[in-house]
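None of these values were measured; they are calculated from a predicted model.
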Amino acid sequence: MRSDAVTKGLERAPHRSLFKAMGYTDEELSRPLIGIGHAQNDIIPGHMHLDKILEAVKTGVRMAGGTPVSFATIGVCDGIAMGHQGMKYSLASRELIADSVEIMGEAHPFDAMVLIPNCDKIVPGMLMAMLRVNIPSIMVSGGPMLTGRHRGKDVHLVSVFEGVGQVKAGTMDMEELAELEDSACPGCGSCAGMFTANSMNCLTEAIGLGLPGNGTIPAVYSARIRLAKKAGMAVMNLFHEQIFPRDIATRKAFENAMAVDMALGCSTNTVLHVPAIAHEAGVDLPLESFNEVSKRVPHICSLIPGGPHSMQQLYEAGGVQGVMKELTLTKEGLHLDTMTVTGRTLGENLKEAAVHDRVVIKTVADPYHKVGGIAVLYGNLAPDGGVVKQSAVAPEMLVHKGPARVYEAEDEAQKAILAGEINAGDVVVIRYCGPKGGPGMPEMLSPTSAIIGMGLGNSVALLTDGRFSGGTQGACIGHISPEAADGGPIAFINEGDIIEIDIPNNILRVAISAEEFASRREGWQPPAPKITKGYVARYAKMVTSGSTGAILRDL
């Protein structure tokens, strides 16, 4: 056992003494030591209850003969960080989370690990660490929040963001917004809808690194506690069978995950996180892979924010396993021979899966859309790609041409939108918001929600080298690469330039010549860094493009 390095032999008496200072017994130290990394805190609704998940995992580990050893890591609430300086720290936290779990797993040689995240950057950060350390491991999330109810309708966090725009547009008063604020987020869990956190928890299940149910069992259900106990027991089986994360997270497993991504209509942030996770597994996953999968996998679930159905309804309809069962009927199907943390192959797991609601999970023969939920666009404005959640775009905006309205920062664009300065047909461009230029590639839920709230969702597009919340809907194209701070074409767009968007044909271009681009580049210098000290300043110097998952450069 790896833990023998700190628990066995004459020379390890001092180490055992330190364990005994914490109350561990000789019997506990004779068993496999199972590290349990969690991110419980009192600043993220999705994490406030992870102490209960932690205790359940510990119970499962003990029942299966292991000794649980817990440790914590950080977590940023993207919703609370949204729209101010804090959002520059969100994506950057993913690397710190990965590094911190790696440090704990290597400094204290655990025999296996269980990782307990729930929200946006914590899930991919922990998955990256899991694959980097590569000891028998499993992930169990805290589960999705239930939707709220407001005046007879299902509501959620994005409803409140959109409510701000509705107040500005005069279609909602402050009294109703206050009611909505009180009811939209009814309790613990990752925000209700196929936003980034729930997207990544579902894809964890699809890759095979989480048990069936990981992505969809609501946070408040007792089934979530039972799942955590099963995860604690399952990791002991992985330890005894010596099944490692990299045995599970193969190229085939990532292809399965991308298929589920397209079927569910997941957050565009998956196009950042999945390649970053694959990189840690030694799997090359170029951006174009998403288009290849999107063309062959239909969109069969219409989930909040782009559709009417909640995570709870997806769970009741059969969850991720039900979706995967249906995807086996596509032309190329899924790779059923991939291993999972159940100790069985995906094909063996899916024998127990079923679809219970054909409105929530449609057939591949009669999907919501014939192509997948995400598209990557290319052209002279995005030579290395830009990403859009095409399943959440109004049909009339799939092809659009309009004048650029150019802003150098999110807050400038937000003020213009709420002031009524954006007109139907416009294309809002927000630049210098990429991984390097942001820094930290901030999410832009405020302006995208304001566009929807102002009633412009069917007539205005938004482009950025930053990124969008999983709660974004509409013709919002992010991750435009190369970013402005690296001299990408988006840096040279002028007010009034005509932007051409053709999502069905994966095209994003601006109607200016190569010669005009070259002329505008002459004498260009990137702006001074927005943050010059601390972690994010260091991050900006090391981070790569959004098209490569915004990973850090290898030494």
Donor-acceptor contact present, side-chain [X] to main-chain [Y], <3.5 Å:
X: Asn201; Y: Thr216; result: no
X: Asn214; Y: Ser141; result: yes
X: Ser289; Y: Leu285; result: no
X: Gln321; Y: Ala354; result: no

For [range], which residue pairs pass the salt bridge (charged side-chain N to carboxylate O under 4.0 Å, His left out) check, not counting sequence neighbours?
range: residues 265-280; result: Arg132-Glu280
range: residues 216-237; result: none
range: residues 152-163; result: Arg149-Asp154

Qualifying ring pair (Phe, Tyr, Trp, His ring centres under 6.0 Å) pairs with a residue from residues 117-141, counting only residues at least two apart or across chains: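 Applying ring pair (Phe, Tyr, Trp, His ring centres under 6.0 Å) to every pair that reaches into residues 117-141, excluding sequence neighbours, yields nothing.
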
Pair listing, ring pair (Phe, Tyr, Trp, His ring centres under 6.0 Å) test, anchored in residues 95-141, at least two apart: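 The answer is Phe71-Phe110.
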
Under the side-chain hydrogen bond (donor to acceptor under 3.5 Å, both in side chains) test, which residues partner Lys370, sequence neighbours left out?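 Checked Lys370 against side-chain hydrogen bond (donor to acceptor under 3.5 Å, both in side chains); zero matches.
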
With Arg246, which residues qualify under side-chain hydrogen bond (donor to acceptor under 3.5 Å, both in side chains), at least two apart?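 Arg246 satisfies side-chain hydrogen bond (donor to acceptor under 3.5 Å, both in side chains) with no other residue.
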
Who are the ring-ring contact (aromatic ring centres under 6.0 Å, His included) partners of [X], not counting sequence neighbours?
X: His299; value: His369
X: Phe19; value: Tyr24
X: His38; value: none

Looking at Arg31 and Asp111, is there a salt bridge between them, counting it only when a charged N and a carboxylate O are closer than 4.0 Å?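 Here Asp111 does not pair with Arg31 in a salt bridge, since their nearest N and O are not under 4.0 Å apart.
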
Asp78 bridged to Lys121 by N-O distance under 4.0 Å: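 A salt bridge is present here (some side-chain N lies under 4.0 Å from a carboxylate O).
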
Can Asp337 and Thr345 be counted as having a side-chain donor-acceptor contact under 3.5 angstrom?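 No, no side-chain donor-acceptor pair sits under 3.5 Å.
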
Examine the side chains of Thr270 and Asp261 and answer whether a donor and an acceptor come within less than 3.5 Å of each other.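 Distance-only check passes for Thr270 and Asp261.
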
Tell me every residue that passes side chain to side chain contact (heavy atoms under 4.5 Å, CB included) with Glu326, counting only those two or more places apart in sequence or in another chain.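 Listed in chain order: Ile300, Leu329, Arg358, Thr363, Val364.
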
With side-chain hydrogen bond (donor to acceptor under 3.5 Å, both in side chains) as the rule and sequence neighbours excluded, what pairs involving residues 53-75 come up?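 Qualifying pairs: Thr73-Ser100.
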
